[in-house]
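The structure appears below as structure tokens.
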Amino acid sequence: MVYLTGDTHGDIDRFRHGRLRWLSRRDTVVVLGDFGFVWDGSKEEQKKLDWLRKRPYTLLFLDGCHENYDLLAQYPTEERFGGTVQALGGNVYHVCRGSVLTLEGKKYLCFGGAESQDKEEREPGVNWWPQEMPSDEEYAYCEKTLEENGWQVDYVLTHDAPSRFLDFTALALGESSRLHLFLDKILLKLHYEKWFFGCYHKDVALSTKSRCVFCEIIPMK
């Protein structure tokens with residue numbers, strides 16, 4: 001079974017308690033960004049990451065705006081699950097932006113990244129990285145993989161959301177970023193069943209086809 005959850009921000013309790021505690025090697029967990037276990041490189045963080053590496057299930061995560069992209073860049077890239085991932089050891093993988101993964105016979109478009117709303121208060125290379133926003137190459141790679149898949153997937157997994165979702169909710173107010181507009185473009189062309197995203201620290205269904213996820217554990221039946 002594939003399970004989705006939202007931002008974990010380095011909180012190991014999300015994995016130690018509740019449903020995730022009982023998963024087996026046949027299961028996969030996907031974190032929708034702001035994983036937070038690749039942040040400061042401390043011994044305590046490494047202990048948590050080592051614990052996650054020893055879980056029987058496969059753990060995949062999208063990147064968000066609270067990742068240390070310098071540390072993340074040190075991990076090797078490989079082709080797995082039908083897309084491009086970075087292997088962090090054990091069964092833990094970062095899913096590279098624009099990858100279309102095949103999990104249990106279903107196709108998942110994965111695209112991380114988001115803009116920190118408080119980036120002016122953060123220090124570059126310490127607690128903020130410009131790589132939080134996608135590059136031209138990552139946008140192009142996403143469109144290439146979607147073209148290869150005939151612009152059709154089963155599910156879309158992102159950290160941020162299209163502005164078309166946010167415009168009708170109280171999740172976010174303000175100007176749209178380039179990422180929002182890119183996701184709008186994808187939304188108009190793509191055939192999909194459901195779209196799940198994290199980022200906004202709420203568990204709420206926006207429609208029958210879109211859902212914001214935070215602490216919930218959602219089985220993909």
Side-chain angles (χ1 to χ4, degrees), residues 2-21 23 28-42 44-45 48-49 51-53 55 57-72 75 85-86 88 92-97 99 101 108-119 121-122 126-134 155-163 165-166 169-174 177 179-180 183 194-206 210-220:
V2 177
Y3 297 87
L4 306 181
T5 192
D7 306 14
T8 48
H9 290 287
D11 180 11
I12 201 72
D13 287 341
R14 183 82 62 90
F15 302 93
R16 283 181 171 161
H17 306 297
R19 180 176 288 180
L20 298 184
R21 181 180 179 186
L23 301 189
T28 300
V29 176
V30 185
V31 178
L32 300 176
D34 282 356
F35 183 55
F37 292 95
V38 185
W39 180 250
D40 59 17
S42 65
E44 182 61 28
E45 181 175 88
K48 292 178 180 179
L49 196 51
W51 186 86
L52 290 172
R53 288 171 175 140
R55 296 311 92 202
Y57 52 82
T58 298
L59 177 56
L60 309 176
F61 70 94
L62 280 58
D63 52 85
C65 52
H66 294 111
E67 322 289 354
N68 183 326
Y69 284 92
D70 290 337
L71 288 181
L72 194 56
Y75 291 98
V85 299
Q86 288 177 278
L88 275 69
V92 181
Y93 301 90
H94 165 239
V95 186
C96 297
R97 296 167 182 167
S99 289
L101 305 187
Y108 292 76
L109 169 64
C110 302
F111 202 88
E115 186 173 32
S116 296
Q117 298 303 306
D118 60 349
K119 63 182 182 181
E121 302 169 16
R122 293 174 175 266
V126 176
N127 55 13
W128 178 80
W129 287 264
Q131 300 97 307
E132 68 180 21
M133 287 293 279
Y155 302 109
V156 182
L157 309 181
T158 56
H159 183 58
D160 210 338
S163 66
F165 290 174
L166 304 177
T169 72
L171 292 178
L173 300 173
S177 68
L179 175 56
H180 291 139
L183 296 177
K194 291 188 178 181
W195 189 311
F196 299 89
F197 61 96
C199 192
Y200 295 96
H201 293 189
K202 290 184 182 294
D203 289 297
V204 58
L206 304 184
S210 59
R211 188 177 190 91
C212 182
V213 185
F214 184 28
C215 292
E216 281 189 313
I217 309 296
I218 300 177
M220 304 300 288

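Bear in mind that the values here come from a model prediction, so they are computed numbers and not experimental data.
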Heavy-atom check, side chain of Arg19 versus side chain of Pro219, under 4.5 Å: yes
What's the shortest heavy-atom distance between Cys96 and Gln86, and which atoms? SG-CG, 4.2 Å
Looking at Ser163 and Leu166, would you say the former's side chain and the latter's main chain have a donor-acceptor pair under 3.5 Å? no
With under 30° as parallel and over 60° as perpendicular, where do the rings of Tyr108 and Tyr155 fit, or are they tilted in between? tilted
In this structure, which one of His159, Gln131, His94 forms a side-chain hydrogen bond (donor to acceptor under 3.5 Å, both in side chains) with Asp63? His94
Would you say Trp195 and Pro162 make side-chain contact, with heavy atoms under 4.5 Å? yes
For the residue pair Glu132 and Ser116, confirm or rule out a side-chain donor-acceptor distance under 3.5 Å. yes
Looking at Met133, is its backbone amide N or carbonyl O close enough to the side chain of Glu115 to form a donor-acceptor pair, meaning the two atoms are under 3.5 Å apart? no
Asn68 side chain to Val38 backbone, donor-acceptor under 3.5 Å: no
So, using side-chain hydrogen bond (donor to acceptor under 3.5 Å, both in side chains) as the criterion, who are the partners of Lys194 when residues are at least two apart? none
Close side-chain approach of Val31 and Leu62, heavy atoms under 4.5 Å: no
Quick one: pull up CD in Glu44 and CD1 in Ile12 and give me the separation to the nearest 0.5 Å. 9.5 Å
Exam field: side chain Thr158 to backbone Asp160, donor-acceptor pair closer than 3.5 Å: yes
Within the distance-only criterion (no hydrogens, no angle test), does the side chain of Thr5 pair as donor or acceptor with the backbone N or O of Glu216 below 3.5 angstrom? yes
Quick one: are Phe37 and Thr8 in side-chain contact, heavy atoms under 4.5 Å? yes
Ring centre gap for Trp129 and Trp39 strictly below 6.0 Å: yes
Can you confirm whether Asp203 sits close enough to Cys215 that some side-chain heavy atom of one is under 4.5 Å from a side-chain heavy atom of the other? yes
Is any side-chain heavy atom of Leu59 closer than 4.5 Å to a side-chain heavy atom of Phe35? yes
Would you check if there is a donor-acceptor pair between the side chains of Ser42 and Asp40 at a distance under 3.5 Å? yes
How far apart are the closest heavy atoms of Gly41 and Leu71, and which atoms are they? N-CD1, 3.6 Å
Test Leu60 against Thr28 for side-chain contact (heavy atoms from CB on, under 4.5 Å), laying out the working first. CA-CA 7 Å; Leu60 309 176; Thr28 300; 3.9 Å; yes
Quick one: are Thr58 and Tyr93 in side-chain contact, heavy atoms under 4.5 Å? yes
So is Arg53 actually on top of Trp51's ring, under 6.0 Å and inside 45° of the axis? no
Distance (rounded to the nearest 0.5 Å) between Leu52 CG and Leu88 CG: 10.0 Å
Between Val156 and Phe196, is any pair of side-chain heavy atoms under 4.5 Å apart? no
Heavy-atom closest pair, residues Phe61 and Leu72: CZ-CD1, 4.0 Å
Mind running side-chain contact (heavy atoms from CB on, under 4.5 Å) on Val30 and Val2 for me, showing each step along the way? CA-CA 8 Å; Val30 185; Val2 177; 4.3 Å; yes
Could you pull out the closest heavy-atom pair between Leu4 and Met220, with the gap in Å? CD1-SD, 3.5 Å
Between Ala114 and Cys199, the two heavy atoms sitting closest are CB-SG, 4.2 Å
Could you go step by step and tell me if Arg211 and Val213 meet the side-chain contact (heavy atoms from CB on, under 4.5 Å) rule? CA-CA 6 Å; Arg211 188 177 190 91; Val213 185; 4.3 Å; yes
List for me each residue that meets side chain to side chain contact (heavy atoms under 4.5 Å, CB included) alongside His201, sequence neighbours excluded, and say none if there are none. Asp7, His9, Phe214
Could you check whether any side-chain N or O of Asp34 sits under 3.5 Å from a backbone N or O of His66, counting only pairs where one atom can act as donor and the other as acceptor? yes
All side chain to side chain contact (heavy atoms under 4.5 Å, CB included) counterparts of Glu121, not counting sequence neighbours: Asp118
What do the steps show when you test Leu20 against Ile217 for side-chain contact (heavy atoms from CB on, under 4.5 Å), and what is the final call? CA-CA 8 Å; Leu20 298 184; Ile217 309 296; 3.8 Å; yes
